[in-house]
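For reference, the structure discussed in these notes is given below.
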Protein chains: 4
Amino acid sequence: MKHSEIKDHIIKTASHLFYHKGYNLTGINEIISEAGIAKATLYNHFKSKEDICLAYLQYKNSAFLTKIKEVCASKKKGIGQVLAVFDFLEAFFKDKDFNGCWCINTISELPKENQRIRSEIQQQKNSLINFLTELVGQNLPDHSTLEQQKLAKQIYLLYEGAVAESHLHQNDWPITSARELCNSIIN
Amino acid sequence: MKHSEIKDHIIKTASHLFYHKGYNLTGINEIISEAGIAKATLYNHFKSKEDICLAYLQYKNSAFLTKIKEVCASKKKGIGQVLAVFDFLEAFFKDKDFNGCWCINTISELPKENQRIRSEIQQQKNSLINFLTELVGQNLPDHSTLEQQKLAKQIYLLYEGAVAESHLHQNDWPITSARELCNSIIN
Amino acid sequence: MKHSEIKDHIIKTASHLFYHKGYNLTGINEIISEAGIAKATLYNHFKSKEDICLAYLQYKNSAFLTKIKEVCASKKKGIGQVLAVFDFLEAFFKDKDFNGCWCINTISELPKENQRIRSEIQQQKNSLINFLTELVGQNLPDHSTLEQQKLAKQIYLLYEGAVAESHLHQNDWPITSARELCNSIIN
Amino acid sequence: MKHSEIKDHIIKTASHLFYHKGYNLTGINEIISEAGIAKATLYNHFKSKEDICLAYLQYKNSAFLTKIKEVCASKKKGIGQVLAVFDFLEAFFKDKDFNGCWCINTISELPKENQRIRSEIQQQKNSLINFLTELVGQNLPDHSTLEQQKLAKQIYLLYEGAVAESHLHQNDWPITSARELCNSIIN
DNA sequence: GATGAATGAGAGTTCATTCAT
DNA sequence: TATGAATGAACTCTCATTCAT
């Protein structure tokens, strides 16, 4: 395995564990034994557990953005492309891999002082808002830019609420509910 | 101090620490040193750390429900009483004690297997939905019962989203945004 | 309940726990909750856990001597009365309450320095040897006093081995085997 | 020090403490400070205290079997080789390291539920019975196989009784007594 | 005489990280 | 570069005993 392949392998292994068991509840030992590497090898690729956390967040977000954009693009232009974010979420929720939002999960586990992770998470959320703003811009051209921005934030709020609550209640009604509400404001 | 006073004292101390530092990052040692009691004293009052966690959640929720009901009741009957949940949240957010939702924070830190805490949290969220349903029922009597229930869930989603996102972004725009969206659907 | 009745109640409760769970593995809390008394009440009757241990040993030994003498006395005079110690043991072993020898069990759990308990146990064992010496003296009068003493000690050894090994192997072959060997030396 | 050397070092240190102070009365802290290693180092070599206990029992038994076989083999073939088990015991008793039987001592300290340790101990005892059966088979060839097995079990009982009682009474008369009785049944 | 709340000391175990090889 | 052994600090929890009431 090449150097970067090992790193990828570590990130994937750690991501699965962090996402499903939680950051603090996943030990370094678990990561290395799952990844089948030596402890020092892990520390050759990452300075600390926190660095792996950062890589985990980026890995998750990157895959997420790719997928959600894909799903939206697959729909016919117009309102449907906007509502597609909830179609994506519905599928995401039904996937056995679903365990809520990695950002929310992670931020809850870290001390307030940890600015490094916190700002990464804020950036990720901003990138989602940006995507939604573009999506609204492209598909609801009749609204003013200001209104588009306002709508994007509201959809973002609905999306975030739906992720968290479908996870918490283990039920997809929050997604349905958010979708309906979204539909009513973009018509 | 009487038995129950000590217990209350422990709950308050632990609650502050759990809420602000996180459950896993708060050690028993920190709780006892902050509370000024011996370790065994704590364990005379609580069987385990998890039991303290449960008491913490209940303490938080109880205070929360009291306060939000108070704020809503203080407004003039009608739409205002419904929107008041966001007034409450605005004040909550501005309080220096604000650190997001204790339920969301806590559930992120616990293993999936922990059904005891998870179901407490689900119950708390359901009690909020129930409150919102009553609130809508009393203040928006023109809607059908079914529509009232749907509205309550949507407001719940907006509220939850606003809590999480104002916390995450350290900014109150999500509250304002949720309030506006709420306003638009109840008019 | 009278003072001495409470004491008896504590001894019986503690004895059951000590005998079945072991001395160190039985906590004071377990004793009081099982006995239904307050912690300080226990300490009003016993200076320390060690004192309860002493009372436990004496309680066990006293009941044991009474019973074994009873069983032996119930047999027709002669060899049968001697072999009856193994009849007693057989019945003891089959009792669901059987958990080996309290003396051996207890001495294994205590530091060498604890002379108080150790000498109590040695006394108990000597009282058993004395009983066996009497038993042999009364039932095997053809042997010399010296031979009787030697026989008594050998029977004691066989008895002790049979108790320990039937307990360890959870099987009564050691009792049968000891009985046979005993039979062969007293004929 | 190599990995296995450290492990051996831990086993030896723990064995000495377990055997002389008892399993429950020996803390992990005592083992590590005596062994001069860090706590986590110990837990890198052993999963739990119970695992160290198992290694202790095996270490003791292995040394015991080696030694007793050696002593028996050193005698001239015949009755003497059988009686040699008590010669071994006599020497064992006189050794300042003598503290009774590790199996009996340990089993007394453990909860009934601990099948892992209990079965190890039963195995060890069975291996002793097997050795005695071989010994009798080789040195008392005139007896039938059945009689040999019966004899072996009786000698086992005598041996076990002698170990426990010499330890309890801190006197070697039980060994002498057992030896004589053994002598009388194999002639 | 009876209570139950409080305690200091210590239990076994796990953690992320480092370092010599 | 890759390793695995070693670590100090922290973890949750339990113990027998005491003391004010």
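The structure displayed is predicted, hence computed values, not measured ones.
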Q.
What is the separation between atom NZ on D/Lys21 and atom C1' on E/dG10, rounded to the nearest whole Å?
A. 12 Å
Q. Taking for each residue the nucleotide of DNA chain F bearing the nearest heavy atom, is the 5' side occupied by C/Glu50 or by B/Glu30?
A. B/Glu30
Q. If you check every side-chain atom of A/Tyr43, which of F/dT7, E/dT18, E/dC19 has the closest atom?
A. E/dT18
(Q) Under 4.0 Å, heavy atoms only, any strand: does D/Asn29 hit a base, just the sugar-phosphate, or nothing? (A) sugar-phosphate
Q. When the nearest nucleotide of DNA chain F is assigned to D/Thr41 and to C/Lys47 on a heavy-atom basis, which residue is associated with the more 5' position?
A. D/Thr41
(Q) Expressed as a whole number of angstroms, how long is the span from D/Leu42:CG to F/dG8:P? (A) 14 Å
**Q.** Residue from C/Ile107, C/Thr106, C/Leu54, C/Asn114 passing side-chain contact (heavy atoms from CB on, under 4.5 Å) with C/Glu120
**A.** C/Leu54
Q. Do any side-chain nitrogens or oxygens of B/His45 fall under 4.0 Å of OP1 or OP2 in E/dA6?
A. yes
Q) So which one's nearest nucleotide on DNA chain E is more toward 5', A/Ala40 or A/Tyr23? A) A/Tyr23
Q: Specify the closest pair of heavy atoms between A/Thr26 and A/Lys21, including all atoms of both residues, with the distance to one decimal.
A: OG1-CB, 3.5 Å
Q. Do C/Tyr56 and C/Tyr19 come close enough that some side-chain heavy atom pair is under 4.5 Å?
A. yes
(Q) With rounding to the nearest 0.5 angstrom, report the CG to CZ distance, B/Asn99 to B/Phe18. (A) 14.0 Å
Q | From C/Ile10 atom CD1 to C/Ile32 atom CD1, the distance as rounded to the nearest 0.5 Å | A | 10.0 Å
Q.
Does D/Asn44 contact F/dA5 through a side-chain donor or acceptor facing the base, at a distance under 3.5 Å?
A. no
Q: Figure out the NZ/P separation between D/Lys49 and E/dG10, and round it to whole Å.
A: 15 Å
(Q) Rounding to an integer number of Å, can you tell me how far B/His9 NE2 sits from E/dA5 P? (A) 16 Å
**Q.** Where DNA chain E forms stems, i.e. three or more consecutive Watson-Crick or G-U pairs with both distances under 3.5 Å
**A.** E:2-21 with F:2-21
Q. What is the distance from CD1 of A/Ile10 to P of E/dA16, rounded to the nearest Å?
A. 15 Å
Q: Indicate, with a heavy-atom threshold strictly under 4.0 Å, whether B/Ile28 touches base, sugar-phosphate, or nothing.
A: sugar-phosphate
Q: Quickly work out the C/Asn24 CG to E/dG12 P distance and round it to whole Å.
A: 12 Å
Q | Atom-pair distance (CD1 on C/Ile32; C1' on F/dT14), nearest Å | A | 14 Å
Q) Which pair of non-hydrogen atoms, one from C/Leu110 and one from C/Arg118, has the smallest distance, and what is that distance? A) O-NH1, 3.8 Å
Q: Please state how far atom CD1 in D/Ile37 lies from atom C1' in F/dG8, giving the value in whole angstrom units.
A: 14 Å
(Q) Under 4.0 Å, heavy atoms only, any strand: does A/Lys39 hit a base, just the sugar-phosphate, or nothing? (A) base
Q. ring-ring contact (aromatic ring centres under 6.0 Å, His included) with B/Trp102: which of B/Phe64, B/Tyr23, B/Tyr59?
A. B/Phe64
